[in-house]
Structure formats: C-alpha cells, structure tokens
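If you read the sequence from its start, that first residue is 1, and numbering goes on from there.
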Amino acid sequence: MISILKYGEVSNSEIFSRGTAATDVSSVVTEIIEDVKKNGDTALYRYCEKFDKAKLSCLEVSEEEKQEALDSVEERFIEILKKAAENIRAFHEKQVRNSFIINDKPGIVMGQKVIPVDRAGLYVPGGTAAYPSTVLMDSIPAKIAGVKEVCIVTPPMANGKVNPVILAAAVIAGVDRVFKVGGAQAIAALAYGTESIPKVDKIVGPGNAFVAEAKKQVYGTVSIDMIAGPSEILVVADDTCEPSFIAADLLSQAEHDKMASAVLVTDSLSFAQKVSDELEIQIPKLSRSEIARASIDNNGKIIVAQDLKVAIEIANEIAPEHLELCVDHPFDYLDSIRHAGSIFMGKYCPEALGDYFAGPNHTLPTSGTAKFSSPLSVDDFVKKTQYTYYTKEALDRVAQDVAYFAEKEGLTAHAKSAIIRTEKK
C-alpha cells in the first residue's frame, strides 16, 4: 500500500527520497563494450543469441521486412502513428535555431553556424515490449535538425524480427536504417562502429540500467542525450479532483518498472486516503499489476502539504520527470514551476497524452536532473560553430588591448601574435 506522509511531520529525507537505488552493472557493461570494440559483429550476434534468443544471419532490417511490418499493422494504428507524428513534428519545428551574422562595426564580421550532426543513433527498447512512441519522439527532432543519417538499434524478438509496430513508426518518421541489436552491446556498436553498424556522433533514447550505464561509459567518444533513470510522475492535486483519475495517472508510470516512482502531493488528507483506496481497487485490474504493485509499495508516496503553494515548492525540490497540475486553474501556477521535465496542465491532461500524441517530447530528464537539463529537442542534434573576421584596420584598433589582456595572463606569445600584425606594413 502507498505511504501517506504529512509534510513537516516527517523528515525531509523521507519526503524527497527517490526509492531503491539501481544495481551497479558497470563492470558487466565494461566487459560488453570491450568485447564489441574488439570483435564487432561477431560479439553482437553472440549477444543477440544469448540475451534475445534470436539467431540472426543479418543485423540490419531489410526494406522487405519494413514493408512486411507495414502490411501487418492495423490500418487504424498506422493512422494514429501518422497523427502523432504530425503533432510531434509541428511542436519540434518551432525549436529550430538559425545561424546568425553580426556586421555592425567596420572591418569586423562575426557569426555562428548551426550544423546538424552527421549521424545519430537512437536506442529503442524492444523485444517483448514495443515502444513506437520512442521511435517518433527521438527520430523526428533529428530529421527536423537535418541529420543526414538516423539509425535505430532495437532488440529483436526471438523469431529474429523487429516488432512490426516499431518498424512501422520508423518508416513513418523517416528513419534511414534499423538494426536488430539491443542492450549495452547496441550502445557500444553505435559508439565505436562494427562491420554492419556505423559509428554515430550522438546516441539518444531510453533503456534499462545496462543501456544507461553503457551510454555513460561511451560519453566522450560520442555525445549522448542524458543518463535516464527509472520513470517518475508527480501529481499536484486538490480535493476537487476525481480520486480515480489521480490513481490512474500514478499507475500509468508505476506499470513501467518496479523502480518507477509515483508521487501525489495534495493539501487534503481525506483526498490522499481516497486516492490510496482507489489505487487498491485499480492495481489488481492492470495487465502489469505485479510491476505496478512493487512500484507503488516501494517507491510510491502521497505527501500531504499545508497548501498548494507548499505543494509546488515540494514539486520543485523533487524536480520530477513528469509533473501534473491537476487543479482548476493550472496556468495560475505555471510560473511557479521551476524544475520539471514536462508539465501537464489541468484535470483533463493525463501524462499519457505526452507519452504518445500531444507533440512535446517524452524523452525527459529523470532523477532530479530537471533542475539543470531539458527534454530531448532539435537542439540535441545540432552543434554550433563560431567564426570571426577582422580586417587589418580593425585589428590595428584593438591589438594593444588584446596584447595587454594576454600579458595579464602571462601569455606573451598570445600578445605577440596580435602586435606583430600591426608592425608589418
């Protein structure tokens, strides 16, 4: 049963704790990465057979397999994928940054070029589960950014095929290549390249503890989006809400993972109890009830605050991945939210809207990192390059200042490189 805690009557460590820590898998992941670096495709085939029970003859999904997947997926779901893709594309197109140039002083030109990375690798969880939403969320911003080649890695099913809904989403999103490999070995392949899988410049996408650790270890060889922890939701609600709505929203994250975190912050003790009772009604009815039960019992909590202002302060301190403002006038509180991955406003905006359909990205900072990081966006797939141009006359005007600055840092060669140009006729 979920814990109900009264803010101010229990320690802050109980209020702000994030549940059970993940198991350390670093040494196992290091071995896998080194194996892939050394043995390439041979190691990938071996891991596919070991972990996915799939004996493969080719790692890359063929065009025939993509078409077969499209033909096998119900037409209604194809149409929903297209609608979701349209919403995601419309939202992310607003994020595009332009290059700029400054030429407001005689003889000086400065600017910044915004350049997409050449190749991006997207990790999509697969196998027994399927996350076509992740395909759309991670590949569409990359395509909008102008990435030349977008590659997906995803675990195959035991029959050696990729789940058809993942392939359908990949086709709709315009993904260039799809590979049948998952886990830490897939991250290693993207980071270092193998005979079949090209080395990428950026790796994005969620995964289990092994995937997260692999991304951490290859960072520096390639760029990554973030180190994602277990999924989490925090709901701020008052007693005007329907308790069954709030319970359903908490469970929408609890069913992800036994380590997922579901938190309600409310100003009403009686409402807290009603939500707790509703959780007990709904959990047994879920297809993933065992997972949801473990998440709620071990990592779930209801925090009762003095008022909604304090509830917002608690939310800011926790800095959740998903934050729901289930109140009548949510825009009254929006400016007070400083730390959250994505905010869902009002009583009729469940977090599931953001997972699949609305448009804002669902690859979000977790574990409190929303205090200093952002959702996946078009910005993740571009880099900036600066440039500067001075004529001789423009340099002559500032060379002494540059040299003086350099000498203050004890760097006389820096100073000389500016002054020498003014001494030559």
Side-chain angles (χ1 to χ4, degrees), residues 23 25-74 77 119-135 138-139 149-171 173 175-200 203-215 217-218 222 257 288 291:
T23 304
V25 297
S26 57
S27 60
V28 174
V29 169
T30 299
E31 290 179 9
I32 291 173
I33 291 173
E34 291 303 314
D35 189 10
V36 174
K37 285 172 66 176
K38 180 180 179 181
N39 297 303
D41 283 358
T42 300
L44 298 181
Y45 283 120
R46 182 171 8 97
Y47 287 125
C48 281
E49 189 166 359
K50 178 179 180 180
F51 296 126
D52 305 308
K53 312 305 178 188
K55 193 170 181 62
L56 303 178
S57 57
C58 181
L59 292 171
E60 185 165 5
V61 173
S62 67
E63 292 303 315
E64 291 76 14
E65 287 175 291
K66 292 177 185 177
Q67 188 57 53
E68 179 185 332
L70 277 174
D71 293 342
S72 70
V73 176
E74 316 90 83
F77 190 56
R119 184 182 288 122
L122 318 179
Y123 188 89
V124 179
T128 56
Y131 296 98
S133 57
T134 297
V135 176
D138 290 1
S139 57
E149 187 171 68
V150 176
C151 303
I152 281 179
V153 289
T154 188
M157 299 182 291
N159 63 3
K161 295 182 180 294
V162 170
N163 194 302
V165 295
I166 289 178
L167 290 182
V171 172
V175 171
D176 298 289
R177 304 176 72 181
V178 182
F179 297 95
K180 306 173 185 179
V181 58
Q185 59 272 23
I187 302 301
L190 291 174
Y192 298 101
T194 70
E195 298 89 333
S196 296
I197 300 178
K199 182 185 185 306
V200 303
I203 300 174
V204 307
N208 61 19
F210 293 90
V211 170
E213 177 62 28
K215 287 170 68 178
Q217 290 192 24
V218 302
V222 293
D257 186 335
R288 295 165 67 90
I291 293 171

Do you know the tightest heavy-atom contact between [X] and [Y]?
X	Y	answer
V25	A209	CG2-O, 3.7 Å
V150	D176	N-OD2, 2.8 Å
A189	T194	CB-CG2, 3.9 Å
A170	V178	CB-CG2, 4.2 Å
V135	A169	CG1-C, 3.7 Å
P198	S196	CD-O, 3.8 Å

Find out whether [X] and [Y] are in side-chain contact, i.e. whether some heavy atom of one side chain is under 4.5 Å from a heavy atom of the other.
X	Y	value
Q185	F51	yes
F179	C151	yes
L167	N163	no
V218	Y192	yes
M157	P164	yes
I203	V200	yes
I152	R177	no
E63	K66	yes

Worksheet item: Rounded to the nearest 0.5 Å, how far apart are CG of D138 and OH of Y123?
Response: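 The OH atom of Y123 is 12.5 Å from CG of D138, to the nearest 0.5 Å.
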Practice prompt. Working to the nearest 0.5 Å, report the span between CD1 of I32 and NZ of K37.
Written response: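 One finds 14.0 Å between CD1 of I32 and NZ of K37.
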Side-chain donor or acceptor of [X] paired with backbone N/O of [Y] under 3.5 Å:
X	Y	result
N208	F210	yes
K180	G160	yes
E65	S62	yes
T154	V124	yes
E195	D41	yes

Item to complete: Kindly indicate, with the supporting measurements, whether the criterion side chain to side chain contact (heavy atoms under 4.5 Å, CB included) is fulfilled by V28 and E31.
Response: CA-CA 5 Å; V28 174; E31 290 179 9; 5.7 Å; no
Discussion item. So if I apply the side chain to side chain contact (heavy atoms under 4.5 Å, CB included) rule between L44 and each of V181, N39, V153, which one comes out positive?
Written reply: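 Answer to the side chain to side chain contact (heavy atoms under 4.5 Å, CB included) test with L44 among V181, N39, V153: V181.
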Item to complete: Say whether E213 and Q217, considering side chains only, have a donor N or O and an acceptor N or O under 3.5 Å apart.
Response: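 Side chains of E213 and Q217: pair found under 3.5 Å.
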Discussion item. Side chains of D35 and Y47: any donor to acceptor distance under 3.5 Å?
Written reply: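 Note: Y47 and D35 side chains meet the donor-acceptor criterion.
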Practice prompt. Under the side chain to side chain contact (heavy atoms under 4.5 Å, CB included) rule, what do V171 and Q67 come out as? Steps first, then yes or no, please.
Written response: CA-CA 9 Å; V171 172; Q67 188 57 53; over 6 Å; no
Discussion item. Between E68 and K161, does any side-chain N to carboxylate O distance fall below 4.0 Å?
Written reply: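 Yes.
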